[in-house]
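Some notes on the structure that comes next.
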Amino acid sequence: MTEPTHAQTGERMELISFRIGEQEFCVDIMSVREIRGWTPATPLPQSPGFVKGVINLRGAVLPIVDLAARMGLAMTEPSERHVIIVTRIGDQQVGLLVDAVCDIITIGGDAVQQTPDVACETVKTFVKGLLALEGRMISLISLEYVLPELRAEATGVELAA
Amino acid sequence: MDPLAAIKVTFFQECEEQLAELETGLLSMEGGDQDPEIVNAVFRAVHSIKGGAGAFSLEDLVRFSHVFETALDRIRSGAIEADQDAIKLLLRSADVLADHVRAARDGGTVDVGRSQAMAEALAALAEGDGSAETEEDTGDGFGEFEFKPVAFDMGEITAEPAPTSTTFNVRFYPQAALYQKANESALLLRELTRLGDIEVELDASGLPMLAELNPEDAYLGWTIAVTGETVTEAAVREVFEWVDGDCYLDIVQAGAAAALTPASEMSVDAMGGEVDVLALIRAAQEAEISPSPAVAISAPEPAKAKEQALDAKAQATAREASPQTIRVDLERVDRLIDLVGELVINQAMLAQRVAECGLQRASSVAVGLDDLEHLTREIQDSVMAIRAQPVKSVFQRFPRLVREIAAMTGKEVRLIMDGENTEVDKTVIERLSDPLTHMIRNAIDHGLEAPEDRVAAGKPREGVVRLAALHRSGRIVIEISDDGRGINRSRVKQIAVDKGLIAPDANLSDEEIDNLIFMAGFSTAATVSDISGRGVGMDVVRRSIQSLGGRINISSRPGQGSTFTLSLPLTLAVLDGMVVTVAGQTLVAPLTAIIESLQPKAADVRSLGPNAQVIAIRDSHVPLIDIGRSLGYRTVTPPPTEGVALLVEGEGGARAALMVDAIQGQRQVVIKSLEANYRPVPGIAAATILGDGRVALILDIDAVMVPKPHGAAATTSGADAVRPTAASDLPLAMAG
């Protein structure tokens, strides 16, 4: 993963920020493939609750993760106003269901502040830094930790196959 | 990838092709094909590998291929003869060469001892043009005539009243047949020099103009005067022994020349005729007119022309055999297939929208859409055909396998392969290798008898294993048959009873008994052998064939052998499915697994225990499984009478009735991988995209049939435990 190095080297980086409920988050723009409106997903049996199902992305089957539910916030009731951010994580493409996309922001790597030590495992896992921008606080999300279970198991499958 | 590495990859790809060609060539030589072009092709294959290996400094590979090449070159030039033993050695060497190539590619190691032994054997073969070869030469009609010692009795001649030298005039006019049998006049003439001094006159008078010349025909003749102290007619005749009947041959002792031997058996007429010829030749010689120089030039021509013709023919057949190809990255093809799949879906969606607009079927838009549909289908078929490959690529591994197993078991086996050019999707081919390997092992290890037993049973020592592929009604059928002992039904039944697979008093038909070997936990081998007993049996073969959407059958005749028949879909990219509705979700059930669909009657459905239900279908009771509940879509099963039951057969022949709410219809669907972006889902084999653009899941029949404890479904780990191997046996060809 290249993301941590950006922050460490202080290179300029572009981020896409989005909103879930009242909170604002962002991810590295390099891992975002496209942004599209919500389309009904086909539910997958026996999957974790935060996996909304799969949709057809130009012939590929794309799993949709409810990012709010994944981070322990309230489960999203998707509507047409909701947005799917199609991201690339490793070899896989995953759609993240969020409330709305806000902005593209350009920052220097040194603008990322350390995550304050809060007693919340989810925060420690997913938030790898904070940005202060025009009075807003934006959490920089580390995608590789968003889907640890999926990735770990997918890798296991590859090894087994 | 740096350029050199890229070239190296190409080199190894080509190596695989060369190795395949090498093996094919050697096998047809083994089959008795005498075409010199085959030897050439075999030589070229090894030569190319050596050349490429040299460029990449693959020392071991170069060293071995050099020895190999040397031996082949000797065969090609005719210096040594490729008899059956030699070809067997060459085939084994080809195996070692393949090992070397793989070791060079994957960085593994080669069995050094074996490679060394093989290299020495090859070197011995290459040098072995001495005494041993001579013996073989006298044994058949295709030998070389060079350096062949001719036996004759000195005593007999010295007992003659001492002529100082004898001259025989030999008139030798080869016919086309002589050359067709790979004999060579020049070699015969050279052989004569061993008997004594010879004077050779060429008669090129029969040679037509170049335009009329048939390169396959023979036009030249020779008159040879053999003079020597020990020449006898018998010795001269012996030189021509192998071409007897394929040439005009006249051997006359020239009484007038030097000797005064009593020529009682010679007629005066013959003498006169002989003198005439000699006189003519001498006259021509003295005058030094055109025949001699002209002959000198034209003599090699027919031979050369013949070679060229052969070359041209060989090239023509080579072209025929291997049509022009291009190498394309498989990913690009898959991408194309994905896009075409998408096009098909888009077209279907468009058609649906147009229909929703209420346009007439005859309207120009609807007609245009029909054309578009035809076109897209055609494009889809063509694109699918790109992925199709001849089964040759998997078949060609088996000659080696058979040789090795034959050597291990001490059995004599001949492998006959048919229909190697039958085409099937690449993914199917890749996944055929293991089951076929297993079945061929079985055929040799269990099917064929030991040579002595075969002889005792009145069969040839050598057993035959036949591997054939053909297309039949939109599927590919592969047959593996042997002419061995067939299935020992009483023993099979006994084992099945012993292992508790069937009831002791079960009354089974022959066919049913034969099919017992596919049951899990069945292995007929009394002792677990190294070859076929690896803890996996025919049930694994059946399972892997079924995971390809295929079926397997066996037919066996005691004492005459067994035949396994596999029937597989041509592609894994599409699947014939039944589209059903369950709890508001659309699912696809693979049609191959479905036996029938039925409307359950309340009277047929019975409860068994606290949770389970069974349904009576023609006197047998099969479990009734609510798909909606087993996939976790709902917790309460609606009354079975309100839905439809699909009677399905899973692996091992187990049956179940799967409850769905409604059947939407049958259709061919494009298979999409779930693993590509997600992970395997228990109970789901893959996904597809329907005409409305939505994803529908394809049921994994075998997985939903497995009974599982309730409550486990919700947790990920519990669900995974239901089918831990799900990922490896799903037919997921088309990773999105």
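Per chain, numbering begins at 1; letters A, B, ... match sequence-line order. Predicted model, so just to flag it, every value in this text is computed and none were measured.
A donor-acceptor contact shorter than 3.5 Å is absent between the side chain of T42(A) and the backbone of A696(B). Looking only at distances, no side-chain donor or acceptor of Q585(B) sits under 3.5 Å from a matching main-chain atom of L44(A). Side chain of N677(B) to backbone of V94(A): no donor-acceptor contact under 3.5 angstrom is found. Without hydrogens or angle criteria, R694(B) side chain to A41(A) main chain gives a donor-acceptor distance under 3.5 Å. In this structure, the side chain of Q92(A) engages the main chain of Y678(B) through a donor-acceptor pair within 3.5 Å.
With a 6.0 Å radius and a threshold of 12 heavy atoms from other residues, nucleotides or ligands, R353(B) has its CZ atom at or below the threshold. Counting heavy atoms of neighbouring residues, nucleotides and ligands inside a 6.0 Å radius, atom CD of Q114(A) does not exceed 12 of them.
Side-chain contact between V681(B) and P45(A): present, with at least one pair of heavy atoms (C-beta onward) separated by less than 4.5 Å.
Closest approach of P682(B) and Q46(A) over heavy atoms only: CB-OE1, 3.4 Å.
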